[in-house]
Amino acid sequence: QVQMVESGGGLVQAGSSLTLSCAVTGVTLSPSAMGWFRQAPGKQRELVAAIASGGRANCADSVKGRFTISRDNAKNTVYLQMNSLKPEDTGVYYCAAAWGPYRPCTVVAGQGQYEWWGQGTQVTVSP
C-alpha cells in the first residue's frame with residue numbers, strides 16, 4: 001500500500017528556515033513526478049514547487065529565490081528547503097506524487113495530474 005509520510009512542519013518566526021520531507025513507501029517504482037502544494041486559510045491549494053525524475057524543477061514566483069525542491073530517487077523522498085520564511089507562507093503543505101509516463105525532464109504542475117497525496121503538515125510563520 002502506498003504511503004506518503006511528511007515531516008518537518010512547525011511554528012517559526014519570519015526570516016527562519018524549515019525543511020520539509022516526504023517519503024513514499026510501499027512502491028517498487030520511483031514516482032515520475034513529485035511536488036509540494038500548500039493551502040492557506042480561506043484559500044485554494046496552490047503549487048509551491050515541482051520536480052521531475054531527472055531533477056528539473058520549477059517553483060512558484062512567490063517562493064523563487066527562497067525555496068528549493070529536491071529529491072532522492074533512491075529513497076523515494078522529496079524535500080522542500082524553505083528559507084527566509086514570511087507570514088504569507090503559512091499554510092498546510094502537501095506533498096504529491098505521480099507515476100504517469102512523464103519524461104525525466106517534465107515538471108508536472110497540475111494538481112489533477114498527481115495520484116497520491118500526503119496528509120499535510122502545518123507551517124506557521126509568525127511576524
Side-chain angles (χ1 to χ4, degrees):
Q1 182 178 355
V2 178
Q3 287 190 321
M4 300 180 63
V5 181
E6 300 175 9
S7 62
L11 170 62
V12 297
Q13 290 185 329
S16 300
S17 298
L18 278 176
T19 300
L20 305 183
S21 300
C22 175
V24 184
T25 62
V27 297
T28 56
L29 189 65
S30 293
S32 52
M34 301 190 79
W36 286 97
F37 293 78
R38 70 184 179 190
Q39 187 166 21
K43 295 186 178 181
Q44 292 187 337
R45 190 164 58 186
E46 62 178 1
L47 173 72
V48 177
I51 187 167
S53 60
R56 183 181 181 185
N58 197 13
C59 294
D61 289 342
S62 60
V63 305
K64 280 183 179 177
R66 300 188 297 122
F67 291 12
T68 302
I69 187 172
S70 61
R71 61 186 289 173
D72 184 335
N73 290 335
K75 297 181 179 179
N76 286 334
T77 300
V78 63
Y79 306 93
L80 185 68
Q81 174 67 44
M82 305 184 292
N83 299 326
S84 302
L85 283 161
K86 303 177 180 179
E88 51 263 44
D89 294 320
T90 294
V92 179
Y93 284 68
Y94 299 90
C95 65
W99 281 264
Y102 304 112
R103 294 182 177 181
C105 61
T106 299
V107 177
V108 177
Q111 295 188 45
Q113 295 172 282
Y114 285 93
E115 301 161 53
W116 287 93
W117 293 80
Q119 78 283 1
T121 185
Q122 178 70 43
V123 172
T124 303
V125 184
S126 62

Exercise for review: Consider only side-chain heavy atoms of I, L, V, M, F, W and Y, link residues closer than 4.5 Å, and tell whether M34 and V2 are in one cluster.
Suggested key: yes

Point to revise | Side-chain donor or acceptor of S32 paired with backbone N/O of G100 under 3.5 Å | key: yes

Review point. How many angstroms lie between OG in S53 and CH2 in W99, if you round to the nearest 0.5 Å?
Key: 12.5 Å

Exercise for review: Report yes or no: does W36 contribute a side-chain atom to a donor-acceptor pair with the main-chain N or O of A96 at less than 3.5 Å?
Suggested key: no

Review point. Among V123, T19, V48, which residue meets the side chain to side chain contact (heavy atoms under 4.5 Å, CB included) test with M82?
Key: V123

Check your understanding: With side chains defined as the heavy atoms from C-beta onward, is the minimum distance between R66 and D89 less than 4.5 Å?
Key -> yes

Check your understanding: Taking all atoms of both residues into account, what is the closest heavy-atom pair of A49 and C59, and its distance?
Key -> CB-SG, 3.7 Å

Study note, to complete from the structure: What one should report as the nearest heavy-atom pair of M4 and C22 is CE-SG, 3.8 Å

Point to revise | Residues Q13 and S126: side-chain donor-acceptor under 3.5 angstrom | key: no

Review point. So K64 and D61, salt bridge (charged side-chain N to carboxylate O under 4.0 Å, His left out) or not? Walk me through it.
Key: CA-CA 5 Å; K64 280 183 179 177; D61 289 342; 3.3 Å; yes

Exercise for review: Indicate whether the side chain of T77 and that of D72 have a donor and an acceptor atom separated by less than 3.5 Å.
Suggested key: no

**Study point:** Full working for side-chain contact (heavy atoms from CB on, under 4.5 Å) between L20 and T121
**Key:** CA-CA 8 Å; L20 305 183; T121 185; 4.0 Å; yes

**Study point:** Beyond-backbone contact of T124 with V12, side-chain heavy atoms, under 4.5 angstrom
**Key:** no

**Study point:** Heavy-atom pair of closest approach, residues A14 and P87
**Key:** CB-CD, 4.1 Å

Check your understanding: Got a second to check how far L18's CG is from N83's CG, nearest 0.5 Å?
Key -> 9.5 Å

Practice item. Kindly compute the distance separating CD (Q111) from CD (Q44), expressed to the nearest 0.5 Å. Key: 8.5 Å

Check your understanding: Does S30 reach the main-chain N or O of N73 with its side chain, forming a donor-acceptor pair under 3.5 Å?
Key -> yes

Exercise for review: Let me know which of V107, V78, N58 forms a side chain to side chain contact (heavy atoms under 4.5 Å, CB included) with I51.
Suggested key: V78

Check your understanding: So, the side chain of E6 versus the backbone of C95: is there a donor-acceptor pair under 3.5 Å, distance only?
Key -> yes

Review point. Any link between V24 and Y79 through a network of hydrophobic side chains (Ile, Leu, Val, Met, Phe, Trp, Tyr) touching at under 4.5 Å?
Key: no

Review point. Quick one: CD on Q81 to CD1 on I69, what's the gap to the nearest 0.5 Å?
Key: 12.0 Å

Practice item. Not counting sequence neighbours, which residues clear side chain to side chain donor-acceptor pair (under 3.5 Å) with Q119? List them please. Key: none

Review point. Given side chains that start at C-beta, do those of R71 and P31 come closer than 4.5 Å, heavy atoms only?
Key: yes

Check your understanding: Do the side chains of R45 and R38 get nearer than 4.5 Å, heavy atoms only?
Key -> no

Study note, to complete from the structure: Cluster membership besides V108, Ile/Leu/Val/Met/Phe/Trp/Tyr side chains within less than 4.5 angstrom, sorted by chain and number, is F37, L47, V92, Y94, Y102, Y114, W117

Review point. Looking at residues at least two apart in the chain, or sitting in another chain, which of them share a side chain to side chain donor-acceptor pair (under 3.5 Å) with T90?
Key: none

